[in-house]
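Positions are given from 1, in the same order as the sequence printed here. Bear in mind the structure is a predicted one, so any value in this text is a computation, not a measurement. Atoms within each ligand, like the ligands themselves, are counted from 1 in listed order.
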Amino acid sequence: MGRLDGKIALVTGAGAGLGAQIARRFREEGASLIINDLRAEPAEKVANEVGGLAITADVANSGEVAEMFGRVQDEFGRLDVLVNNAGFGFTGDEEQIRKVNETPFKQMEEAAAGGPITTHSDLTVNMSDEDWHRMIGVHLDGTFFCCREGLKIMNPQLSGVIINMGSIMGTCGGIGTSYGAAKAGILGFTRSLAREVVTRGIRVNALAPGFIDTDLTAPFEAARQLLEAQTPMGRFGETDDIAWAAVYLASEEAKFMTGQTLSPNGGYHMSQ
Ligand SMILES: NC(=O)c1ccc[n+]([C@@H]2O[C@H](COP(=O)([O-])OP(=O)(O)OC[C@H]3O[C@@H](n4cnc5c(N)ncnc54)[C@H](O)[C@@H]3O)[C@@H](O)[C@H]2O)c1
């Protein structure tokens with residue numbers, strides 16, 4: 001018997017990385033999957049793998065999101081689990097990524113040499129309106145749009161589970177203020193929504209992963225040794241480290257959990 005037998009689950013951004021692995025584990029535990037992604041081909045590939053339905057939509061576009069949940073209502077008639085996972089990381093050009101990777105090493109060298117520190121990352125002062133809005137749009141607007149439409153199905157059921165993807169960057173800060181703001185916003189949104197819908201029997205929790213091996217962290221390969229050294233377990237996590245946490249939150253085993261942030265992070269950040 002699977003821990004998610006008979007459940008209908010929609011995972012956003014499930015064409016790769018954490019979302020794809022969450023979908024695989026959900027399937028193994030007995031759920032039927034709707035695989036959302038911005039990119040059609042990866043979504044189809046994962047949907048074929050898990051025997052699910054692929055829906056291409058940009059979660060930052062409220063019209064596309066409404067259409068996606070309309071299809072879920074029409075084709076499944078219910079929704080038991082919604083995982084708001086779609087997202088992206090740092091999006092600078094090659095030169096900016098090189099700078100992000102090199103800056104902490106240069107700063108440590110300067111500090112070790114007795115200072116002063118003259119190397120600065122200056123990311124915020126150089127951020128465009130467009131980059132700021134896209135980051136907030138995909139992560140925070142996207143989470144809101146999907147919750148709003150998902151609740152239209154879950155509310156009358158008087159049951160459901162929502163899992164929102166935060167990050168340790170939203171709890172302890174890190175590279176990129178727009179990313180940190182979006183992820184911290186998701187954690188606050190999660191707690192307020194959990195209080196709002198608890199009377200309908202719907203649980204809302206967040207995951208706040210540490211550094212996990214996916215396409216999202218690939219640009220930081222040059223800084224990997226440093227990030228691993230800052231992680232007490234001395235390594236990046238695997239996608240399964242997050243997928244199993246999602247299975248737990250989605251399952252009946254977590255029936256007393258709502259408004260919580262679960263943070264598999266190898267000890268990088270220990271305060272919740
Ligand atoms: N990898 C990590 O270390 C890490 C750590 C903390 C949090 N996260 C979060 O986990 C989530 C998944 O990250 P990942 O590491 O698997 O990244 P990834 O790049 O491997 O996969 C993200 C997927 O989301 C899709 N996507 C991006 N924008 C979208 C949009 N607007 N609409 C629909 N789909 C969209 C992409 O096409 C991609 O398939 C993100 O929210 C990310 O911020 C990742």
Report, one line per pair, each donor and acceptor closer than 3.5 Å where one atom sits in a side chain of residues 178-195; sequence neighbours left out.
unit_1	atom_1	unit_2	atom_2	d
K183	NZ	M165	O	2.9
T190	OG1	N164	ND2	3.0
T190	OG1	I186	O	2.7

Main-chain N/O of T261 paired with N205 side-chain donor or acceptor, under 3.5 Å: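 Not a single qualifying donor-acceptor pair exists.
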
Practice task
List for me each residue that meets ring-ring contact (aromatic ring centres under 6.0 Å, His included) alongside Y248, sequence neighbours excluded, and say none if there are none.
Solution key: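 Residues passing ring-ring contact (aromatic ring centres under 6.0 Å, His included) with Y248: none at all.
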
Q: Identify which one of Q107, K106, E110 satisfies the side-chain hydrogen bond (donor to acceptor under 3.5 Å, both in side chains) criterion when paired with T119.
A: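 By the side-chain hydrogen bond (donor to acceptor under 3.5 Å, both in side chains) criterion, T119 pairs with just one of Q107, K106, E110: E110.
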
For this session: Decide, yes or no, whether a salt bridge links R3 with D5 under the criterion of side-chain N to carboxylate O below 4.0 Å.
Result: no

Would you mind writing out the side-chain donor-acceptor pairs for residues 153-163 within the sub-3.5 Å range, not counting sequence neighbours?
unit_1	atom_1	unit_2	atom_2	d
Q157	OE1	L79	N	2.8
Q157	NE2	L79	O	3.0
Q157	NE2	S159	O	3.2

Return a table of N or O atom pairs, ligand 1 on one side and protein on the other, at distances under 3.5 Å, rounded to 0.1 Å.
unit_1	atom_1	unit_2	atom_2	d
ligand 1	1 (N)	I212	O	3.4
ligand 1	1 (N)	T214	OG1	3.1
ligand 1	3 (O)	G210	O	3.4
ligand 1	3 (O)	I212	N	2.8
ligand 1	3 (O)	I212	O	3.4
ligand 1	15 (O)	T214	OG1	2.6
ligand 1	16 (O)	L18	N	2.8
ligand 1	31 (N)	D58	OD1	2.8
ligand 1	32 (N)	V59	N	3.1
ligand 1	34 (N)	L38	N	3.2
ligand 1	37 (O)	D37	OD1	2.6
ligand 1	37 (O)	R39	NE	2.9
ligand 1	39 (O)	D37	OD1	3.4
ligand 1	39 (O)	D37	OD2	2.6
ligand 1	39 (O)	R39	NH2	2.9
ligand 1	41 (O)	N85	O	2.8
ligand 1	41 (O)	K183	NZ	2.9
ligand 1	43 (O)	Y179	OH	2.6
ligand 1	43 (O)	K183	NZ	3.1

